[in-house]
Structures are given as structure tokens and as C-alpha cells.
Amino acid sequence: MELRNHASVAKVKSEEIDRPLADFPVNIWEHPLTTFSVLDLDGDRNKEKLSSLKDTVMESLLASRENPIENIKFIDVLCRLGVSYHFEEEIFAQLEAMFASHDFMHMIRNNEFDLYTVALVFQVLRQFGHKLVSDVFDKFKNKNGEFMEHLAEDARGLLCLYEAAHWSTHGEDILDEALAFARSNLEKVASRCSPHLAVRIKNALKHAYPRGISRIETRQYISYYEEEDTHDQTLLEFSKVDFNLVQMLHRKELDQVSRWYKNLELDQKLPYARQRTVEGYLWAVGAHFEPRYSQARIKFAIFINLLTLFDDTYDAFGTIEELESFTDAMLRWNSSGIEGLPESMKYLHHVVLDFFDKLGEETEKERRPGCITYAKRSMMEVAKAYLQEAKWLSEDYVATLKEYAENGAKSSCYLSLLTISFLGMVDEGTLDVLEWLSTSPPILMNSSLIGRFYDDLTSCEFEHKRKHVGTAIDCYMKQYGVSWEKAKEEIQVMALDLWKSLNQELMTKPHQFPFPITMRFLNLSRVIEIFYKYADTYTHSELLKHHVVSLFIDNIPI
């Protein structure tokens, strides 16, 4: 009886604390794994079929080298169908040789290729880190410096130009003009296109291919490609079989992540936080979908879920006194000093440290000593950044934009996300990579702020329904004395400029590290584009449901 009384008193005291609780939407995937099977009864047969088809596709790829333009077109289709990872060495070698060829560059500049062809060559080369100069589009302008009027009726050319313009860097005014010209005319010409091309244009205007999550783009493009009269039936079948095989692997990984979450009872232990197991796994797939990165995806998805709980604890539960004690414990990397904290915060601290301890054991077995140190440091940076925001909130302080951006680059969690990602990429994630990452290189800062600004732009209205730290929009409003609408507009411009800076970093030669390393920065920014461009779909996860269904539940009929 005495124990009950103590429990009752503790409950009352807890209820008396004024906590910044958020009215988060509920988890829509209460039992996600009941909707599909992880038993792959046809797996062996499909793998044999894939191997046979792959040999045929390889022959076609090698044969396409006879004509450089056809070679690039074939590479583009492989990328869009999601199967280019099977032929990476061949593709890298072919594009490297092409870009280094004076004859090829002369041909692109001087031959009478149409808009579609030039834009496609431009896009594919830049996509793989080769900065083809933007003046290749000069010949499509008239004497007044405007894009020729007849191009407004070329739907395929406009679409390709629109996508190519998303690879722009600073100072390339012609690409800014191309983007505006293509966008305005695509909206008009779509109604006169074939149904599948019209749908493709509509989807591209919402999320352009260079900014899309690879797996989502693949799922959509397979349906477009099938409707093309000139499609290669072998290549189409190869992409469908591959998609279904990779989907089965993704299901098994999602099953593993979901069981980890369920076994730890995190939904019960931290009821105030968002439960986003499925959405976190989709984030991981956006970062690296290829089969060889299975362990990277699992680690990344688990970590995204931990960060979500971490974020909501700082943002929607803890008092400033509790968060200071919690942060001190994180910086010491032990449990001393957290005795008086709520049980939920104690449990989260234990789960986070346990995750990193196990990760450290794995990296030691993989003979990558010292790597886990960088992972722990990155998590400490997150804790410090979150605490800074909590202090600003408790003091009713609206930071300057510079102050906010410096802290926001850390609270975006990109350093920790990329560190965990690289730890999962055993072959590429070396100690040298982590040491370089810890120096905050420009490519990290650009991608971090893209994430921070896009998150702020779409989540600010929901967060302002309760007392919440000022976002980038609030900081800009106060510093420059402008309206809410004007501040949002300026932050959007900043985000687009950051994309240009990121593109430049991706095309800087020579790359310090292998291409798969630099691609993680791009892929994480692509995830942000899909998750936050129009709404905070991670929080309001019903907006992501159709992507989850198409990628993990519905397979492709063959």
C-alpha cells in the first residue's frame, strides 16, 4: 500500500510539470509487417533469371559504345530503371573516357543535336560528377538571348532540359533561364502529350529526377518505360525482376528494424515521441538502396529512430533542467547524474549508449579501430545543438540567422547520420573518411543546411501551435524586419543556393574519396527534398503512405 502511495505522489508531481508536449500524429503502421511476407519462395529462380538477363544487358551496354550518344542514352535508362549499380565499373569508365575526349566535346558543341539529346548528355555527365559546361545550350537561343519559341512544343526536350537545369551551380544564369523556360512550358504542353508522358511531366514538376529518391524514381519510371513504343523488352524484364528481388531484401531489413523497435518497447517507454519505424527505414533506403549496403541501411534506420526519440525528448518533453542533466550525461558517455530524470529519459540514454557500444564491437571485429570514436562525438554534437535550442526557447531568445545556421548545421544531425552511414559501408567507410567528415567540409555544411532549412520551411506552422524555439524563418523575420511570407521566400532562395553549392562540390575534381562516399551527401539531400519540400511528411506520415506501399508492399507484376 505504501508503494502505491509513493507511485501516486510521483505521478502527480510528474503531471504538475509543464512539458512542451506536441500533438504528434499517431503511427499509421501499427503492424506494418502483416501486410506483406518476408518469405521469398521464388527467390532462387528469380536470381537465376536476373543473372541470365544481366549478361544480355551487359552485352547491349558494351555494344552501345559504338555510338557515344546511344551509349549515354542507354546509361540514362539503366540509371532510371534502378539497375545501373550492376554495371558501375563499366559506366564510370565509359563516361570518364567520353568526358576526356576532345572529339566528343567538340561533337556536342557543334553537331546539330536536338534539345533532348544535348540536355540528356549534360544531365548524365553531371550526374556522375563531370561538369560539362552550360554554354552547350547557347545554340538553342535566338538573337535576343531567349530560348527559341519552337522549343516550347518539344515535350521530351523540355522535360530533359528541366531536369538538366537542376544540376546548376553558381553563376550559370543560362540554367536558371532554362529552368524557368522549361517549367512554364511543360505545364502547358503536358495536356497535349500521351497519358504516360503527361503523368511523367506532372511528377517531374513536383519532384525533379535529380532531386528524387532513387527507389521512388525507379518505381515510377518502370511504368513510364513500359509504355514507350521503343522500350527494350529484355531491359524492362531485367529491371522488374531486379526491383522485386531488392524489394524482398528491403522487406527483410524492415522486419529486422521493426522487431528491434518492438523488442525494446520504445513506443511504450517513450509515449510522447513519434514512432516512425517505417518512415525511418524509407529514409535509409533513400540514402543507399543497393543490396550491398544492407548493413548500412539497417544501422541507419535504427539510428534515425533513435534520433527521432532524441529530438522529441529535447523538443517535446524535457524541461530545461532535465535536458541539461541529460546532455551532461551524454557528454560524459555514462549514466552518472541522471538518477533524478524521468524513467523515459533514463531509458533513452541507456538505449543510445547500448547502440553505440554494439556498433563499436562490430567495427572492431571489422578491423576498423577508432571509427566508433567519431560516431560518439557526432552524437555528442547533436546533444549540444539540441540543448542550445532548448536554452534559446527557455530564454525566449530568437537567434541571429548566423547563430541559428551554425547551430542548425549540427541540429540537422547530418554529421551523425553520415557517420553511421559510412560505418555501415564497410569497404568505403574508412577512418580517413570519418576524420575528413569531422572537419566539417563544405559538402557537409551545404547538405546539412539544406536539411535544416527545408525542415523549418514545412514544419514551422505545426511547431508554432505550441511554444517552440524560433526557426530560420523567425530568425530572418526578426533580424531583417520583414513579414513571415518574405522570410519564408528568402529562406527558400537560400536553400536553392545551397543546392547549387552542393552540386559544385559533387563535380569538383578530383574527388578526395570514392564516388559512393560523395553520393551519400546528395542522397540525404534528396530524401529531405521528398520528405520536406511541401510538407513535413515524416511527422505527418500518412503523406508518405503511397511511397511505402509502392516500394515495400506492392511488387511489380512480370
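Side-chain atoms are counted along with the backbone in the values below, which use heavy atoms only and exclude waters and symmetry mates.
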Considering all heavy atoms of both residues, which atom of [X] and which atom of [Y] are nearest to each other, and what is their separation?
{"X": "L502", "Y": "L522", "result": "CD2-CA, 4.5 Å"}
{"X": "Y538", "Y": "G280", "result": "CE1-N, 3.9 Å"}
{"X": "I530", "Y": "G212", "result": "CD1-CA, 4.0 Å"}
{"X": "A296", "Y": "S421", "result": "CB-O, 4.0 Å"}

Is any side-chain heavy atom of [X] less than 4.5 Å from a side-chain heavy atom of [Y]?
{"X": "N446", "Y": "F521", "result": "no"}
{"X": "K533", "Y": "L457", "result": "no"}
{"X": "W283", "Y": "I528", "result": "yes"}
{"X": "W499", "Y": "H166", "result": "no"}
{"X": "D312", "Y": "F24", "result": "yes"}
{"X": "F422", "Y": "Y374", "result": "no"}
{"X": "L423", "Y": "L359", "result": "yes"}
{"X": "V482", "Y": "E490", "result": "no"}

Worksheet entry | Worked verdict on E279 versus R274 for salt bridge (charged side-chain N to carboxylate O under 4.0 Å, His left out) | CA-CA 11 Å; E279 295 76 16; R274 290 166 292 177; over 6 Å; no

In plain terms, say whether [X] and [Y] are close enough for a salt bridge, that is, a side-chain N and a carboxylate O under 4.0 Å apart.
{"X": "D255", "Y": "R251", "answer": "no"}
{"X": "E529", "Y": "R526", "answer": "no"}
{"X": "K384", "Y": "E381", "answer": "yes"}

How many angstroms lie between [atom1] in [X] and [atom2] in [Y], if you round to the nearest 0.5 Å?
{"X": "E339", "Y": "L341", "atom1": "CD", "atom2": "CG", "value": "8.5 Å"}
{"X": "C475", "Y": "Y397", "atom1": "SG", "atom2": "OH", "value": "8.5 Å"}
{"X": "L418", "Y": "L524", "atom1": "CG", "atom2": "CG", "value": "5.0 Å"}
{"X": "T277", "Y": "I302", "atom1": "OG1", "atom2": "CD1", "value": "10.0 Å"}
{"X": "H130", "Y": "W167", "atom1": "NE2", "atom2": "CH2", "value": "12.0 Å"}
{"X": "I372", "Y": "K376", "atom1": "CD1", "atom2": "NZ", "value": "6.0 Å"}

Does the [X] side chain pair with the main chain of [Y], one donor and one acceptor, at a distance under 3.5 Å?
{"X": "R276", "Y": "N305", "result": "no"}
{"X": "S541", "Y": "L544", "result": "no"}
{"X": "T419", "Y": "L415", "result": "yes"}
{"X": "Q275", "Y": "A273", "result": "yes"}
{"X": "R368", "Y": "G429", "result": "yes"}
{"X": "R520", "Y": "P516", "result": "yes"}
{"X": "Y534", "Y": "K206", "result": "yes"}
{"X": "T363", "Y": "G360", "result": "yes"}
{"X": "H349", "Y": "N334", "result": "yes"}
{"X": "R19", "Y": "A316", "result": "no"}

Is it the case that the side chains of [Y] and [X] hold a donor-acceptor pair, with the cut-off being a distance below 3.5 Å and no angle test?
{"X": "H350", "Y": "S335", "result": "no"}
{"X": "D455", "Y": "S459", "result": "yes"}
{"X": "S294", "Y": "E253", "result": "yes"}
{"X": "Y476", "Y": "D456", "result": "no"}
{"X": "T313", "Y": "Y386", "result": "no"}
{"X": "Y404", "Y": "Q479", "result": "no"}
{"X": "D311", "Y": "T308", "result": "no"}
{"X": "Q268", "Y": "Y347", "result": "no"}

Discussion item. Does L205 form a side chain to side chain contact (heavy atoms under 4.5 Å, CB included) with E187? I'd like the steps, not just the answer.
Written reply: CA-CA 8 Å; L205 288 172; E187 293 170 349; 3.7 Å; yes

Would you please indicate yes or no on a ring centroid separation below 6.0 angstrom for [Y] and [X]?
{"X": "F289", "Y": "Y85", "answer": "yes"}
{"X": "F326", "Y": "F310", "answer": "yes"}
{"X": "Y281", "Y": "F552", "answer": "yes"}

Discussion item. As a quick check of understanding, evaluate side chain to side chain donor-acceptor pair (under 3.5 Å) for Y209 and Q220, giving each step before the final call.
Written reply: CA-CA 11 Å; Y209 170 66; Q220 293 174 344; over 6 Å; no

Discussion item. Using the side chain to side chain donor-acceptor pair (under 3.5 Å) definition, which of the options R126, K500, K131 pairs with T169?
Written reply: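 So, applying the side chain to side chain donor-acceptor pair (under 3.5 Å) to T169 and each of R126, K500, K131, only K131 qualifies.
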
Worksheet item: Taking everything shown except K365 itself, do over 12 heavy atoms lie less than 6.0 Å from its NZ?
Response: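 Count not over threshold, so no.
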
Worksheet item: Given the rule in the salt bridge (charged side-chain N to carboxylate O under 4.0 Å, His left out) test, do E361 and K358 qualify, once you have shown the distances and angles that lead to the verdict?
Response: CA-CA 5 Å; E361 292 172 5; K358 291 177 179 176; over 6 Å; no

Item to complete: Mark yes or no: R297 above the aromatic ring of F300, with NZ or CZ under 6.0 Å from the six-membered ring centre and no more than 45 degrees from the axis.
Response: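 No, R297 and F300 do not form such a contact.
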
Practice prompt. Any chance you could lay out the side chain to side chain contact (heavy atoms under 4.5 Å, CB included) test for W436 and I443, step after step, and finish with the verdict?
Written response: CA-CA 11 Å; W436 165 75; I443 193 171; 3.8 Å; yes

Item to complete: Please lay out, stage by stage, how L179 and S168 fare under the test side chain to side chain contact (heavy atoms under 4.5 Å, CB included).
Response: CA-CA 10 Å; L179 185 64; S168 67; over 6 Å; no

Discussion item. Determine whether F303 and F356 satisfy the following criterion, side chain to side chain contact (heavy atoms under 4.5 Å, CB included), listing intermediate values before the conclusion.
Written reply: CA-CA 10 Å; F303 187 60; F356 281 92; 3.7 Å; yes

